[in-house]
Amino acid sequence: MITNQLHTKYSQSPGNIVSDMDGEKVMLSVANGKYYNLGELGGEIWELMKEPITIQELVTTLQSQYNVEQTDCQSHVTEFLSQLLEQGLVSIHS
């Protein structure tokens, strides 16, 4: 579960194969053998996490590209990262 620490950095965990299918990202986790459809926005968040990045940095970047309220964006990013963490697809950097 993600805490409200906006300055904790998150990044992609190694061992995932990601492909672009009609503008949406799909991913195969080599570690658990599962496929994930990240969607368009999830795929964009995934790409931004190639290097360690904070939730605040993700929100700021996404807000510059989409017309979305900060609280809504932060809520969606936090929820998405929580799901990725549960599946072991992202790493946390203190």
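These numbers come from a predicted model, not from an experiment.
- By the 4.5 Å heavy-atom criterion applied to side chains, Q56 and Q70 are counted as neighbours.
- V26 has its side chain out of reach of Y36: every pair of non-hydrogen atoms, C-beta onward, lies at least 4.5 Å apart.
- Cluster partners of L28, using a side-chain heavy-atom cutoff of under 4.5 Å among ILVMFWY residues and allowing indirect links, are I17, V30, Y35.
- Evaluation of the salt bridge (Lys or Arg N to Asp or Glu O under 4.0 Å) rule for K9 yields E57 as partners, not counting sequence neighbours.
- Of the N and O atoms on the side chains of T8 and H93, not one donor lies less than 3.5 Å from an acceptor on the other residue.
- Contact of the L81 side chain with the V77 side chain is registered, since non-hydrogen atoms from C-beta on lie closer than 4.5 Å.
- Looking only at distances, no side-chain donor or acceptor of E24 sits under 3.5 Å from a matching main-chain atom of L38.
- Annotation: the span from I45 atom CD1 to H76 atom NE2 amounts to 9.5 Å, rounded to 0.5 Å.
- Contact annotation: the side chain of L41 approaches that of L62 to within less than 4.5 Å [non-hydrogen atoms, C-beta and beyond].
- No more than 12 heavy-atom neighbours from other residues, nucleotides or ligands sit within 6.0 angstrom of CD on E40.
- A donor-acceptor pair shorter than 3.5 Å can be found between the side chains of S29 and N32.
- Put simply, OH on Y10 and CG on L89 are 14.5 Å apart, with the number rounded to the nearest 0.5 Å.
- For S13 and S91, the side-chain atoms include at least one donor-acceptor pair closer than 3.5 Å.
- Connection of V59 to Y66 is established within a shared hydrophobic cluster, with ILVMFWY side chains joined at heavy-atom distances below 4.5 Å, either directly or through further cluster members.
- Across W46 and L84, no two heavy atoms sit closer than the pair CE3-CD1, 4.2 Å.
- No donor-acceptor pair under 3.5 Å is formed between the side chain of T78 and the backbone N or O of S75.
- With values rounded to the nearest 0.5 angstrom, Q63 atom CD is found 9.0 Å from Q74 atom CD.
- V90 has its side chain out of reach of Q12: every pair of non-hydrogen atoms, C-beta onward, lies at least 4.5 Å apart.
- Considering only heavy atoms from C-beta on, K34 stays 4.5 Å or farther from M27 through its side chain.
- Remark: L48 CG to L58 CG distance equals 6.0 Å, nearest 0.5 Å.
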